[in-house]
Amino acid sequence: MKSILYTFLFVFFVNCNPTPKTSTTLAQNSTAMVKSTSENTVNFNTTFLHEYPKNKDPYTLGIRIQQVGKNTYALEIDMQLQQGAFFVSPNSKRDFKGKFSVKLSENDKINATNTLQEIPLSKEEFDAHPYVNGYVNWVKQNTTYRQQIKINPKEDFKIPGVIRFVIEPRCTLEEIGFILIYENGELKVRRDLC
């Protein structure tokens with residue numbers, strides 16, 4: 001009786017175990033997946049679309065200051081976009097909370113003498129996305145922003161500022177602090193890492 005029971009259990013466990021797929025079967029399925037995606041022009045990657053590594057921004061921001069005349073300077077911000085990133089241009093006619101902007105703390109030492117210039121200039125386009133549903137100027141290529149400023153150089157000063165924008169498609173508000181420093185007759189800019 002015991003031998004019949006052991007035989008029955010042995011057959012039961014052997015038949016209930018799923019048969020593992022062989023590497024050949026997996027390779028065939030993988031090839032079929034690649035073939036079907038290329039025919040349908042859909043690209044499935046092993047990572048999610050627009051997934052960024054932690055602590056890795058989809059852009060690089062550079063900031064510098066150049067003297068262009070007596071007590072007149074140009075604050076320049078270079079936006080280098082990677083991985084399909086984009087943001088709303090300051091030239092968009094509609095009001096967006098995440099529109100690119102440069103703000104200096106209120107002070108009596110520096111005055112902006114013109115509007116923020118965008119090089120190259122973005123173009124208005126219609127976006128049907130529910131959060132936009134209208135016209136917008138998306139910045140999708142590397143762009144430089146230039147703000148001309150005039151300083152009152154009577155004494156040394158430090159003026160904090162911030163660059164704000166929402167980087168898409170990650171949809172995060174970016175705030176990059178900087179400080180304009182006037183010392184010993186020279187104006188400098190540095191990132192505020194605080």
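Every value quoted in this text rests on a predicted model; they were computed, and no experiment measured them.
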* Using the side-chain contact (heavy atoms from CB on, under 4.5 Å) rule, take L180 and I151 through it: C-alpha gap first, then chi angles, then the decisive distance, then the call. => CA-CA 11 Å; L180 291 173; I151 67 166; over 6 Å; no

Give, for atom [atom1] of [X] and atom [atom2] of [Y], the distance between the pair rounded to the nearest 0.5 Å.
{"X": "N91", "Y": "Q117", "atom1": "CG", "atom2": "CD", "result": "10.0 Å"}
{"X": "S101", "Y": "F96", "atom1": "OG", "atom2": "CZ", "result": "14.0 Å"}
{"X": "I65", "Y": "I149", "atom1": "CD1", "atom2": "CD1", "result": "4.0 Å"}
{"X": "E76", "Y": "T144", "atom1": "CD", "atom2": "OG1", "result": "6.5 Å"}
{"X": "E106", "Y": "D108", "atom1": "CD", "atom2": "CG", "result": "10.5 Å"}
{"X": "I110", "Y": "N71", "atom1": "CD1", "atom2": "CG", "result": "11.5 Å"}

Just so I know, are the side chains of [X] and [Y] near enough to count as touching, which here means a heavy-atom distance under 4.5 Å?
{"X": "R170", "Y": "D57", "answer": "yes"}
{"X": "V88", "Y": "V139", "answer": "no"}
{"X": "I163", "Y": "I63", "answer": "yes"}
{"X": "L75", "Y": "V189", "answer": "yes"}
{"X": "Q82", "Y": "T60", "answer": "yes"}
{"X": "R146", "Y": "Q66", "answer": "yes"}
{"X": "I119", "Y": "Y145", "answer": "no"}
{"X": "W138", "Y": "E168", "answer": "yes"}

* Asked: With clusters built from Ile, Leu, Val, Met, Phe, Trp and Tyr whose side-chain heavy atoms come within less than 4.5 Å, directly or transitively, what are the remaining members of the cluster of I181, listed by chain and number?
  ->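 Members other than I181 - counting any ILVMFWY side chain reachable under 4.5 Å - are I179.
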
I'd like to know if the side chain of [X] pairs up with that of [Y] as donor and acceptor (distance under 3.5 Å, no hydrogens or angles considered).
{"X": "N137", "Y": "S122", "answer": "yes"}
{"X": "Y182", "Y": "E155", "answer": "no"}
{"X": "Q148", "Y": "T72", "answer": "no"}
{"X": "E174", "Y": "T172", "answer": "yes"}

* To do: Would you please test E186 and N184 for side-chain contact (heavy atoms from CB on, under 4.5 Å) and show each step?
  => CA-CA 6 Å; E186 186 179 0; N184 302 321; 5.7 Å; no

Minimum-distance pair of heavy atoms, taken over all atoms of [X] and [Y]:
{"X": "Q141", "Y": "P120", "value": "NE2-CG, 3.4 Å"}
{"X": "I159", "Y": "S105", "value": "CG2-O, 4.0 Å"}
{"X": "N107", "Y": "K109", "value": "OD1-N, 2.8 Å"}
{"X": "K103", "Y": "F178", "value": "O-CZ, 4.4 Å"}
{"X": "P169", "Y": "G84", "value": "CD-O, 4.0 Å"}
{"X": "S92", "Y": "K99", "value": "O-NZ, 2.8 Å"}

* Could you walk me through whether K123 and K140 pass the side-chain contact (heavy atoms from CB on, under 4.5 Å) test, one step at a time? => CA-CA 10 Å; K123 294 186 179 173; K140 297 179 179 178; over 6 Å; no

Hey, any chance [X] and [Y] share a hydrophobic cluster, counting ILVMFWY side chains that come within less than 4.5 Å of each other, even indirectly?
{"X": "L187", "Y": "L104", "result": "yes"}
{"X": "F100", "Y": "V162", "result": "no"}
{"X": "V136", "Y": "V166", "result": "no"}

Within the distance-only criterion (no hydrogens, no angle test), does the side chain of [X] pair as donor or acceptor with the backbone N or O of [Y] below 3.5 angstrom?
{"X": "D78", "Y": "G62", "result": "no"}
{"X": "Q147", "Y": "N114", "result": "yes"}
{"X": "N111", "Y": "T113", "result": "no"}
{"X": "Q67", "Y": "G69", "result": "yes"}

* With sequence neighbours excluded, tell me which residues meet side chain to side chain contact (heavy atoms under 4.5 Å, CB included) with N152. =>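 N152 satisfies side chain to side chain contact (heavy atoms under 4.5 Å, CB included) with K154 only.
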
* Aromatic contact, Y59 with F165 (centres under 6.0 Å) -> yes

* Asked: Looking at R94 and E124, does any basic side-chain N land under 4.0 Å from a carboxylate oxygen?
  ->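 Answer for the salt bridge query: no.
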
* **Derivation of the side-chain contact (heavy atoms from CB on, under 4.5 Å) call for F86 and I167** => CA-CA 6 Å; F86 57 99; I167 194 72; over 6 Å; no

* Is it the case that more than 12 heavy atoms not belonging to F126 sit under 6.0 Å from its CZ atom? -> yes

